[in-house]
Number of protein chains: 2
Amino acid sequence: MATGRTHRPATRSRGIPEATVARLPLYLRALTALSERSVPTVSSEELAAAAGVNSAKLRKDFSYLGSYGTRGVGYDVEYLVYQISRELGLTQDWPVVIVGIGNLGAALANYGGFASRGFRVAALIDADPAMAGKPVAGIPVQHSDDLEKIIQDNGVSIGVIATPAGAAQAVCERLVAAGVTSILNFAPTVLSVPDGVDVRKVDLSIELQILAFHEQRKAGEEAAASDGGAPTAAARSDSADQGPDGDMPAVMPA
Amino acid sequence: MATGRTHRPATRSRGIPEATVARLPLYLRALTALSERSVPTVSSEELAAAAGVNSAKLRKDFSYLGSYGTRGVGYDVEYLVYQISRELGLTQDWPVVIVGIGNLGAALANYGGFASRGFRVAALIDADPAMAGKPVAGIPVQHSDDLEKIIQDNGVSIGVIATPAGAAQAVCERLVAAGVTSILNFAPTVLSVPDGVDVRKVDLSIELQILAFHEQRKAGEEAAASDGGAPTAAARSDSADQGPDGDMPAVMPA
DNA sequence: CCATCTTTGTGCACGCGTTCACAAAGACAT
DNA sequence: ATGTCTTTGTGAACGCGTGCACAAAGATGG
């Protein structure tokens with residue numbers, strides 16, 4: 001499992017903080033929109049607003065990449081798009097495979113956001129023989145028997161798991177054995193992988209449960225408030241939970 | 001009134017840390033599996049392993065809920081399932097609406113994980129008149145003209161947005177105006193909402209970009225390593241990326 | 001060339017979250 | 001009862017991430 005005790009402090013020396021890395025795609029999206037509108041430069045304030053973050057945070061994030069801004073002016077949009085793309089590794093082509101072509105897998109295959117940014121669906125894989133050959137999103141589904149060969153022939157290093165929970169761990173192991181070192185898991189299971197392999201999870205069920213928690217809390221406070229309400233302090237505001245950032249993903253079964 | 005000074009600092013007094021809340025669903029899932037296998041009790045060590053976290057972290061998390069364990073024995077599975085469910089607000093029924101019944105919306109509607117835990121799909125809504133009346137996952141799709149009425153009639157407080165990016169903000173505003181206070185956003189956009197409304201996002205594109213970043217770094221380190229020990233700074237190694245935890249979701253366009 | 005105004009880049013402080021490490025609590029055997 | 005062994009619950013230290021606030025950098029105008 002990750003956490004190989006050993007290594008250092010975590011993200012060290014030349015490394016960019018994880019929290020920053022997670023925000024770079026957000027900045028990139030906002031910058032791309034500006035680019036399409038032919039906006040030449042943008043200030044940290046404007047860009048921060050577009051990305052939904054604090055401007056100080058944005059400036060600090062960019063400072064980890066280098067000094068790409070011009071004081072009194074702002075940042076050059078095109079240049080920044082390029083720098084962030086390069087930092088994220090989007091200047092190269094990343095072939096990905098999607099395993100498990102059910103409702104979700106098909107939705108992912110049809111998702112246009114792949115090609116838009118360096119990602120290319122190299123293959124769709126499913127364990128159901130009946131699916132083999134059937135085209136989904138214009139790509140013929142291949143049987144999982146050929147998983148290893150597909151991974152190797154296409155030099156795939158990123159895999160997306162959209163299978164039922166029960167099959168996820170086994171698929172994960174085959175992917176890793178075949179050479180995949182980054183996995184995006186939509187199955188509602190905790191995957192265990194060897195050191196050096198990255199796993200990120202997306203789980204609808206977990207996200208909903210977190211929302212339910214806050215929803216319940218809001219209902220409780222509301223009840224307590226209507227009870228006599230502290231005029232002044234009533235200014236809850238704070239903890240209006242921001243949700244958006246600072247948390248973790250969830251999983252999504254099939 | 002209750003809790004005198006009440007909140008403020010953010011997650012205060014009676015509050016459970018956000019990071020802990022985000023892990024409760026994970027524990028609950030592991031506990032449910034144990035429960036189905038009729039396992040009576042479980043130690044923090046075992047449960048932590050099943051949930052993929054550190055045992056000390058798990059114990060601290062549970063300590064925020066109260067002292068539900070027995071020293072020398074562990075935790076009672078059934079009791080813990082109940083306590084966590086209650087804390088997350090899953091003992092009540094949460095009607096949710098899904099807006100945007102494209103590939104993704106349909107996949108979400110078909111997702112069995114809803115009913116399993118207090119969530120019920122109250123309605124499917126789409127802007128395409130051609131979709132109206134067509135059943136998806138056994139539920140007839142309704143036109144977005146009736147959005148407000150649907151929300152109110154069903155007492156919906158949680159909404160899922162699975163529309164294209166362009167429509168997301170407008171849908172979000174209508175949902176909020178109609179009474180929704182928690183939103184799960186799958187559209188690749190930053191939603192702005194008034195205070196008191198929770199938004200969580202799930203974005204495939206962002207997740208992939210984060211993986212690409214780590215993938216690129218791994219490739220770089222590998223190259224540097226095989227190079228024969230770079231004198232100075234070559235000592236990269238560190239950051240064996242943890243990926244799994246501690247980050248943020250991503251968005252997912254349609 | 002100097003003054004002014006704008007915006008970046010960052011030092012610093014603070015708070016949350018993680019982890020260690022251990023004392024206290026209880027089960028269980030004798 | 002008493003002792004031993006297991007496992008919880010938590011005090012304390014530490015590190016990461018956030019946000020403030022400001023000095024430095026550069027643009028712009030006179």
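Keep in mind that the numbers below use all heavy atoms, side chains included, and drop hydrogens, waters and symmetry copies. In what follows, chains are A, B, ... by sequence order, proteins preceding strands, each numbered from 1. Quantities reported herein were computed from a predicted structural model and do not represent experimental measurements.
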ask   = Taking only N and O in the side chain of B:N54, is any of them less than 4.0 Å away from OP1 or OP2 of C:dG17?
value = no
Of A:I158, A:V197, A:V193, A:V176, the one forming a side-chain contact (heavy atoms from CB on, under 4.5 Å) with A:S182 is A:I158
Heavy-atom nearest pair, A:L191 first then A:Q169, reads CA-OE1, 3.4 Å
Between NZ of B:K57 and P of D:dC14 the distance, given in whole Å, is 19 Å
Cut-off 3.5 Å, side chains only: do A:Y79 and A:Q83 have a donor facing an acceptor?
yes
Output for pair (A:E215 CD, A:I210 CD1), nearest 0.5 Å, gives 13.5 Å
NA contact type, A:F62, heavy-atom cut-off 4.0 Å: base, sugar-phosphate, or nothing?
nothing
Rounded to the nearest 0.5 Å, the CZ atom of B:R200 sits from the CD1 atom of B:I183 at a distance of 13.5 Å
**Prompt:** Under the side-chain hydrogen bond (donor to acceptor under 3.5 Å, both in side chains) criterion, do B:R59 and B:S44 qualify, and how do the steps go?
**Reply:** CA-CA 6 Å; B:R59 288 198 300 277; B:S44 62; 3.1 Å; yes
Between the CD atom in B:Q209 and the OG atom in A:S85, the distance rounded to the nearest 0.5 Å is 8.0 Å
Rounded to whole Å, OH of A:Y75 lies from P of C:dT7 at a distance of 12 Å
Nearest-nucleotide check on DNA chain C, A:R59 vs B:T20; residue mapping nearer the 5' end is A:R59
Do any N or O atoms of the protein come closer than 3.5 Å to N or O atoms of nucleotides 25-30 of chain D, and which pairs are they?
residue, atom, partner, partner atom, Å
D:dA25, O4', A:R71, NE, 3.3

Residues at least two apart in sequence or cross-chain that pass salt bridge (Lys or Arg N to Asp or Glu O under 4.0 Å) with B:D93, listed by chain then number, are B:R120
Notebook entry, point to check: Does any donor-acceptor pair link the side chain of A:K60 with the base of D:dT18 at a separation under 3.5 Å?
Noted result: no
Residues in residues 33-45 of chain A with a heavy atom under 4.0 Å of DNA chain C, by number, are A:S43, A:S44
So CG of A:L88 and NE2 of B:H214: to nearest 0.5 Å the spacing works out to 10.0 Å
A:L80 CG to C:dT8 P, in whole Å, measures 11 Å
Taken in chain and number order and not counting sequence neighbours, the residues that satisfy ring pair (Phe, Tyr, Trp, His ring centres under 6.0 Å) with A:F62 are A:Y27, A:Y75
For B:Q92, the side chain to side chain donor-acceptor pair (under 3.5 Å) test, sequence neighbours excluded, returns none
Terminal axes of the helix from C:dC1-D:dG30 to C:dT30-D:dA1 (5 end pairs apiece), angle rounded to 10 degrees, sit apart by 10°
Separation of D:dT7 atom C1' from B:L47 atom CG, nearest Å, is 14 Å
